[in-house]
Asker: 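One structure follows; several queries about it will come next.
Predicted model, so just to flag it, every value in this text is computed and none were measured.
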Amino acid sequence: MVSFGIMTAAQNVDYADVARVWQEADGLPEIEHAWLFDHLMPIGGDLDGPILEGWTLLSALAAQTRRLRLGLLVTSNRIRPPALLAKIATTVDVVSDGRLDFGIGVGSRPSVPWARREYDAFGLPWVETQEAITGLREGVALIRRVWTEESPFDVDGAVVRVAGAFQRPTPVQSPGPPIMIGGRSAAVLRIAAEHADLWNIPGGDIADAADRSRLLDRYCADAGRDPAAITRSIHLGVSYDRPQDTRAAIGAAIDAGFTHIVLGLGAPYPDGVAGWVADELVRPSN
């Protein structure tokens with residue numbers, strides 16, 4: 001069964017514009033999920049333009065919708081300590097009455113020119129890739145424990161260290177929101193094989209995405225997991241001018257085994273864009 005969602009990157013747009021699109025999508029059964037991203041400064045368009053913080057915005061949108069599953073595609077594990085992130089995610093799951101899909105990844109690649117500037121601008125430590133990978137593996141394991149443990153616990157990992165970790169309330173969803181791990185590197189795929197309920201890859205090159213999905217199958221076998229236990233998710237950019245190109249990309253992704261399709265909407269968002277997505281992209285692809 002294929003599910004379709006939208007992604008609205010809250011950069012160089014107004015809050016009211018994002019809320020309008022999400023509220024419209026919430027009334028359309030063809031659109032099952034909606035996503036934001038996790039950046040503190042724009043990464044496209046006007047790099048000095050406005051941008052809203054993802055988790056704060058997600059909580060506001062959760063309170064204004066009733067049906068959509070929702071999340072961040074995906075949270076940077078570098079920005080917030082994992083125990084704090086678990087608490088933030090629990091709050092959104094409570095506000096949404098159990099509609100959160102918890103997306104997380106290693107964070108920006110060092111090779112991307114704009115990657116470091118938001119860390120420097122907000123006084124966040126920049127860690128190199130290997131430490132970030134270790135932090136993601138330890139962080140996801142900690143988050144699952146925080147959501148489910150009955151008593152305080154300590155962790156003394158290579159990167160993640162907490163003393164007396166504990167939270168109440170726990171998420172509405174038990175044993176916690178589904179975990180989506182995003183990324184394409186072999187190291188991230190190994191973590192996904194161990195911990196993910198969903199795995200997401202930025203689309204564009206469907207052949208590469210299919211190769212990465214097959215590699216994930218291998219890592220699942222190594223970890224003793226059924227590859228079918230992990231839903232394959234892909235983000236595809238939407239062309240308003242050439243919807244036939246987007247439909248072709250959707251078809252290729254579905255043929256490659258991706259059943260969770262996230263359609264990235266470019267700003268400014270046309271009036272009625274969610275209905276347009278349902279009519280022009282989702283219905284013809286089902």
Asker: Do Val140 and Phe102 come close enough that some side-chain heavy atom pair is under 4.5 Å?
Answerer: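 Val140 vs Phe102: side chains apart.
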Asker: Does Arg99 use its side chain to pair, donor to acceptor, with the backbone of Thr65 at less than 3.5 Å?
Answerer: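 Yes; at least one donor-acceptor contact below 3.5 Å.
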Asker: For Ala86, is there any backbone N or O sitting under 3.5 Å from a side-chain donor or acceptor partner on Trp147?
Answerer: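 Between the backbone of Ala86 and the side chain of Trp147 there is a qualifying donor-acceptor contact (under 3.5 Å).
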Asker: How far apart are the closest heavy atoms of Ser76 and Asp38, and which atoms are they?
Answerer: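 Between these two residues, the closest heavy atoms are N-OD2, 2.8 Å.
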Asker: Would you check if Pro243 and Leu281 make a side-chain contact, meaning some heavy-atom pair closer than 4.5 Å?
Answerer: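 Counting from C-beta outward, Pro243 and Leu281 do come under 4.5 Å.
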Asker: Report yes or no: do Val94 and Leu84 belong to one cluster of Ile/Leu/Val/Met/Phe/Trp/Tyr joined by side chain heavy-atom distances under 4.5 Å?
Answerer: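 Shared cluster, no.
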Asker: To the closest 0.5 Å, what do you measure between CG (Asp48) and CG (Asn12)?
Answerer: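 That separation rounds to 9.5 Å.
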Asker: Compare all side-chain heavy atoms of Asp197 with those of Thr231 and state whether any distance is below 4.5 angstrom.
Answerer: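 With C-beta onward as the side chain, the pair stays apart.
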Asker: Should Ile234 and Ile181 be counted in the same cluster of Ile, Leu, Val, Met, Phe, Trp and Tyr side chains packed under 4.5 Å apart?
Answerer: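 Yes: a chain of side-chain contacts under 4.5 Å links Ile234 to Ile181.
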Asker: Is there a donor-acceptor pair under 3.5 Å between the side chain of Glu138 and the backbone N or O of Ala158?
Answerer: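 Pair found, side chain donor or acceptor close to backbone of Ala158.
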Asker: Quick one about Trp55 and Thr91 (side-chain donor to acceptor, distance below 3.5 Å, no hydrogens or angles considered), yes or no?
Answerer: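 No pair is found: no donor N or O on one side chain lies under 3.5 Å from an acceptor on the other.
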Asker: Measuring from atom CG of Leu72 to atom CG of Leu100, what distance do you get when rounded to the nearest 0.5 angstrom?
Answerer: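 Between atom CG of Leu72 and atom CG of Leu100 there are 9.0 Å.
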Asker: Not counting sequence neighbours, list each pair that qualifies as a salt bridge (Lys or Arg N to Asp or Glu O under 4.0 Å) and has a residue in residues 156-166.
Answerer: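 Listed once each, the pairs are Asp156-Arg161.
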Asker: Can you measure from CZ (Phe4) to CD (Glu32) and round to the nearest 0.5 angstrom?
Answerer: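 With rounding to 0.5 Å, CZ (Phe4) is 9.0 Å from CD (Glu32).
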Asker: Can you name the nearest heavy-atom pair linking Leu216 to Ala192, along with the distance?
Answerer: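 Leu216 and Ala192 have their closest heavy atoms at CD1-CB, 4.1 Å.
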Asker: Do Ser285 and Val2 have side chains that approach each other closer than 4.5 Å (heavy atoms only, starting at C-beta)?
Answerer: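 A side-chain contact under 4.5 Å is absent here.
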Asker: Answer yes when Arg184 and Asp205 have at least one side-chain N-carboxylate O distance shorter than 4.0 Å, and no when they do not.
Answerer: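 The answer is no: the pair does not qualify as a salt bridge.
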Asker: Taking the side chain as every heavy atom from C-beta outward, state whether Trp22 and Leu70 have any pair of such atoms under 4.5 Å apart.
Answerer: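 A side-chain contact under 4.5 Å exists here.
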Asker: Checking Arg145 against Phe153: charged group under 6.0 Å from the ring centre and within 45 degrees of the axis?
Answerer: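 Positive - Arg145 is close enough to the ring of Phe153 and near enough to its axis.
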Asker: Do Gln11 side-chain atoms and Ile43 backbone N/O form a donor-acceptor pair below 3.5 Å?
Answerer: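 Checked: pair present.
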Asker: Under a 4.5 Å cut-off applied to non-hydrogen side-chain atoms, are His235 and Trp35 in contact?
Answerer: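 No, their side chains stay 4.5 Å or more apart.
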Asker: Can you hop from Ile6 to Val18 via hydrophobic side chains spaced under 4.5 Å?
Answerer: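 Yes, one cluster joins them.
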Asker: Once you round to the nearest 0.5 Å, how far does CG of Asn200 lie from CD1 of Ile230?
Answerer: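 These two atoms lie 13.0 Å from each other.
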Asker: Can you pull out every side-chain hydrogen bond (donor to acceptor under 3.5 Å, both in side chains) where at least one residue sits in residues 163-181? Sequence neighbours excluded, please.
Answerer: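 Qualifying pairs, neighbours excluded: Arg69-Gln173, Thr90-Gln167, Asp93-Gln173, Glu150-Arg168.
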Asker: Quick one: are Ile206 and Leu236 in side-chain contact, heavy atoms under 4.5 Å?
Answerer: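 Heavy-atom side-chain distance check passes, below 4.5 Å.
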Asker: Run the side chain to side chain contact (heavy atoms under 4.5 Å, CB included) check on Tyr240 and Arg242 step by step: do they pass?
Answerer: CA-CA 6 Å; Tyr240 300 135; Arg242 294 184 59 83; over 6 Å; no
Asker: Would you say the side chain of Met41 lies within less than 4.5 Å of the side chain of Leu47, judging by non-hydrogen atoms?
Answerer: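 SC-SC contact between Leu47 and Met41 ruled out.
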Asker: Short question: side chain of Asp226, backbone of Ala228 - any donor-acceptor pair under 3.5 Å?
Answerer: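 Side chain of Asp226 to backbone of Ala228, a donor-acceptor pair under 3.5 Å: yes, one is there.
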Asker: Please name the pair of heavy atoms, one in Gly272 and one in Arg20, separated by the smallest distance, quoted to 0.1 Å.
Answerer: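 Answer, listing the atom of Gly272 first, then Arg20: N-NH1, 4.2 Å.
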Asker: Any Lys/Arg nitrogen of Arg214 or Asp217 sitting under 4.0 Å from an Asp/Glu carboxylate oxygen of the other?
Answerer: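 Judged by the 4.0 Å cut-off on N to carboxylate O distance, Arg214 and Asp217 do not form a salt bridge.
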Asker: How close do Pro178 and Leu198 get, heavy atom to heavy atom, and via which atoms?
Answerer: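 Where Pro178 meets Leu198 most closely, the heavy atoms are CB-CD1, 3.8 Å.
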Asker: Enter the distance from Arg78:CZ to Trp126:CH2 here, rounded to the nearest 0.5 Å.
Answerer: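 CH2 of Trp126 is found 4.5 Å from CZ of Arg78.
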Asker: Looking at every heavy atom in both Val146 and Ala165, which two are closest together, and how far apart are they?
Answerer: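 Taking every non-hydrogen atom into account, CG2-CB, 4.3 Å.
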Asker: Does the Arg67 side chain pair with the main chain of Leu28, one donor and one acceptor, at a distance under 3.5 Å?
Answerer: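 Yes, the answer is positive, given that a donor and an acceptor are paired below the 3.5 Å cut-off.
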Asker: Assess the residue pair Val273 and Val238 against the criterion (side chain to side chain contact (heavy atoms under 4.5 Å, CB included)); give the C-alpha distance rounded to whole Å, side-chain angles, the decisive distance to 0.1 Å, and a yes or no.
Answerer: CA-CA 11 Å; Val273 66; Val238 167; over 6 Å; no
Asker: Verify, without hydrogens or angle tests, whether Asp26 (side chain) and Arg66 (backbone) share a donor-acceptor contact under 3.5 angstrom.
Answerer: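 At least one qualifying donor-acceptor pair exists.
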Asker: Kindly give the heavy-atom pair with the smallest separation between Glu24 and Gly275, and that separation in Å.
Answerer: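 Here Glu24 and Gly275 meet closest at OE2-N, 2.9 Å.
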Asker: Tell me whether Arg225 contacts the main-chain N or O of Ala193 through its side chain, where contact means a donor paired with an acceptor under 3.5 Å.
Answerer: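 Yes; judged by distance alone, with no hydrogens or angles, the pair exists.
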Asker: Are any side-chain N or O atoms of Asp17 and backbone N or O atoms of Pro268, one a donor and one an acceptor, separated by less than 3.5 Å?
Answerer: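 Side chain of Asp17 to backbone of Pro268, a donor-acceptor pair under 3.5 Å: no, none is there.
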Asker: Under 3.5 Å, which donor-acceptor pairs do the side chains of residues 247-263 form with other protein atoms, sequence neighbours left out?
Answerer:
{"unit_1": "Arg247", "atom_1": "NH1", "unit_2": "Glu280", "atom_2": "O", "d": "2.9"}
{"unit_1": "His260", "atom_1": "ND1", "unit_2": "Ser233", "atom_2": "OG", "d": "2.7"}
{"unit_1": "His260", "atom_1": "NE2", "unit_2": "His33", "atom_2": "NE2", "d": "3.4"}

Asker: Within this structure, what is the NE2-CD distance for the pair His39 and Glu118, rounded to the nearest 0.5 Å?
Answerer: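 The NE2 atom of His39 sits 5.5 Å away from the CD atom of Glu118.
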Asker: Linking I/L/V/M/F/W/Y whenever their side-chain heavy atoms sit closer than 4.5 Å, directly or via other members, would Ile201 and Tyr219 fall into one cluster?
Answerer: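 Yes: a chain of side-chain contacts under 4.5 Å links Ile201 to Tyr219.
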Asker: Do you reckon Ile143 sits in the same ILVMFWY cluster as Ile191, going by side-chain contacts under 4.5 Å, direct or chained?
Answerer: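 Looking at the clustering, Ile191 is in the same group as Ile143.
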Asker: Determine, step by step, whether Leu36 and Leu61 satisfy the side chain to side chain contact (heavy atoms under 4.5 Å, CB included) criterion, reporting the C-alpha distance in whole Å, the side-chain angles of both residues, the deciding distance to 0.1 Å, and the verdict.
Answerer: CA-CA 10 Å; Leu36 303 171; Leu61 295 169; 4.0 Å; yes
Asker: Go through it in stages, so that I can follow the logic: the residues are Arg137 and Val159, the test is side chain to side chain contact (heavy atoms under 4.5 Å, CB included), and I'd like the CA-CA distance, side-chain angles, deciding distance and then a yes or no.
Answerer: CA-CA 10 Å; Arg137 175 177 284 107; Val159 174; over 6 Å; no
